[in-house]
Amino acid sequence: MTATIATTFLGVPLGMALFVAVLAIALLGYVMARGRVMARAGGDARVLHSLPNYYGMTAAMFAAVPALGVLLIWLLAQPTVVQNAVLPLIPADKIDSVGTQSLILSDVRRVADGLDIALSQGALTRADIAAMADDPSALRATLGEVGVALGSEVEPFVLAAAQKSRALNGQGRFWMAAAVLLIALAGLALAVRAADPDFRARNIVERGILVLLIVAASLAILTTVGIVLSMLFESINFFRLHDWKDFFLGPKWAPNFRGDSDLSILPLLWGTLYISIIALLVAVPIGLFSAIYLSEYAGPKLRGIAKPLLEILAGIPTIVYGLFALLTVGPALVRLFGRGEDGILGVEWMSGATSVLTAGLVMGIMLIPFVSSLSDDIINAVPQSLRDGSFGLGATHSETVRQVILPAALPGIVGAVLLAASRAIGETMIVVLGAGAIARVSVNPLEAMTTITTRIVSQLTGDTDFASPETLVAFALGLTLFVLTLGLNVLALYIVRKYREQYE
Amino acid sequence: MRDNIISEKDVMQNQTAHPAKIAARNVQVYYGDTHAIKDVNVDIEANTVTAFIGPSGCGKSTFLRCINRMNDTIDVCRVEGDIRIDGEDIYDRKVDPVQLRAKVGMVFQKPNPFPKSIYDNVAYGPRIHGLARNKAELDDIVEKALRRGAIWNEVKDRLHAPGTGLSGGQQQRLCIARAVATEPEVLLMDEPCSALDPIATAQVEELIDELRQSYSVVIVTHSMQQAARVSQKTAFFHLGNLVEFGETDKIFTAPEDPRTESYITGRIG
């Protein structure tokens, strides 16, 4: 006998239904364990090792955590297992490459899903399907009627594979439901039985919380590792197709979707660094001076108003800065440096609104709050005793700032500037809209140039074929960018930390 | 009682004979609404060490900071009354607090060398006040100050090492050297030994006694032994009042006010 179960239960997907059922069991466990331990204690919570709620929580934890873990793993693993079981049904001569195999397997999945839907809607009966086993050509039309479009006629082996996959999935779902519910109930029974006044439920809950926190922390780190690895693999694919010497040392960036492109990072790196340097030239003096004013001179009232206002700048989405660059700053620069006789300076140096200067200026504005807020914290961390010492020697306020406070805060400020630089290098929207799309190496800041980030965007938008070097180059660019900003961040954090040790 | 009156008269005569370096009259200090210093009158003489003693929060440091107008840097602080140095009212509009602080040096509770070299720490004051015409003169000033700070022998071979790398006692002597480098007339010390070990304390105390030759030194201290060891005059502050002021020997052996006696015998504080 093979036990199977439908994909849905009372109209909700089975996984969801099981999840709710496990939560219900956990709630039941909470109530039962709490009630049992109170009964054993004779209604006096003072004789318990832990507060009554902890017994309830322990039972809920025991019921829910292992069951939900099994549910999650099963849901993730079942498709792979079923797929491997179905594979032998596909004739070997139909599979000539990895690509066609995955196409056939996805056909099998779609047919299987279509059959499920058609059965549940009554468009087909089990007998109909059995009758079609040898000649399933009518199936395409039928499935089309219930909303499952197929790319080609259904071949007999596909239908057979689909049927097998349905059967296996049905069994899998049944055993999954059984296992999950059983584990939940076992956990519940175990915890409720253990609910004794001497049981150290509080310590168990504490452990549970610790595990939860560790899982959250490792998920964050693992995600980063995953991102890096995926970029790394795609980059390796790219370097298989394209010469690494051209990428790192070549002179030209000229992607060509017919193939044979020049894909060198150097012009892009130059654009990126040039724009970042202009941005820092804007952001560092303004940000630093405003930080000095706010932390050293401004009264508490003004500081209370000005600091949040400045930090609002940090909350503006960068696409809005991009619009500002394209629609306000760019045209203003053109009026100043371009238009020949009609321009303000009467020169013809700049023709389009997009330029290195446009993007650099606006990016600098974006970075001001970043630099100022970090520098402000660092200046505030300089001990008051140093200020007193300087004032006590008859130094004025600005002498104190220049000769004592800034030198003391310098490592931290350098760290802040490096962090700002790494943001500038990774910034995308402002340069997409403000910097232009022409890859070139030039020192004229009024010309349009392009950056690594904008090229990643343009290589990946539109119709892309993930096997061509023109697309894969985006990953190599991204990885280079990542390494660059990571290096800057590590350096900045190292400097900031070294500085902190000095005073704390 | 009669003896006391006579002795007070003697003191008054003494003061007219040697005009006070610093004369404070009816000084009141407010922190916001708190009345921190109440009606303090005191005369501090040249070439003496004057100790301010009293329990924590009694206002002795606050009063010390009035003498070089360091309280100006605190927004909520308000000073009333009259403090004169050599007859000149230091709270007069004409007086620039920055100039005043060059004349009235200060050493703080915690050693606070700047994150610069030993040389630059000492040269800081002379540089900002333009006391040296050239490098040789500056070298001279630095050496003289370090010698007066009794630390020259320990640091002469590493003048360009960072000042923050010295030990606590050395740092404090460096700070004293830094303060005397601007040629002040008065040296204010706010618990200069509270962060130091007994050996460093002894060195600094010895130094204070030497500094008396050239300056008028005012020292705030929590240690009554220290006050007795280094000072010639002692002022006892309590709850913002100057309770008693006189010769150190007399304050510690025959205090007039019962509060002074309670404090030095350890019953209040």
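Residue numbering restarts at 1 for every chain, and letters A, B, ... go by the order of the sequence lines. Hydrogens, waters and symmetry mates play no part in the numbers below; they use all other heavy atoms, side chains included. Just so you know, these numbers come straight off a predicted model, no measurement behind them.
Residue contact with chain A, scored on non-hydrogen atoms closer than 4.5 Å, involves the backbone and the side chain of R178(B) alike. For P113(B), the part lying under 4.5 angstrom from a heavy atom of chain A is the backbone only.
From I405(A), atom CD1 reaches atom CZ of F114(B) across 9.5 Å, with rounding to the nearest 0.5 Å. Note: R65(B) CZ to F391(A) CZ = 10.5 Å, rounded to the nearest 0.5 Å.
Against chain A, the residues from residues 101-110 of chain B that qualify, each with a non-hydrogen atom under 4.5 angstrom away, are R101(B), A102(B), V104(B), G105(B), M106(B), F108(B) in number order. Residues of residues 119-132 of chain B that come within less than 4.5 angstrom of chain A, heavy atom to heavy atom, are Y124(B), I128(B), H129(B) in numerical order.
Of all non-hydrogen atoms in N112(B) and L386(A), the two that sit nearest each other are O-CD2, 3.6 Å. Between P300(A) and D75(B), the closest heavy-atom pair is CD-OD2, 4.2 Å.
By the 6.0 Å contact criterion, NZ on K307(A) is enclosed, its count of non-hydrogen atoms from other residues, nucleotides or ligands being greater than 12. Surrounding CD of E311(A) are more than 12 heavy atoms belonging to other residues, nucleotides or ligands, all under 6.0 Å away. By the neighbour-count criterion of 12 heavy atoms within 6.0 Å, atom CD of E137(B) is densely surrounded, having more than that number from other residues, nucleotides or ligands. Open room surrounds CZ on F289(A); 12 or fewer heavy atoms of other groups in view lie less than 6.0 Å from it. By the neighbour-count criterion of 12 heavy atoms within 6.0 Å, atom NZ of K135(B) is densely surrounded, having more than that number from other residues, nucleotides or ligands.
Side-chain N or O atoms of K116(B) include none that pairs as donor or acceptor with a backbone N or O of V404(A) at under 3.5 Å.
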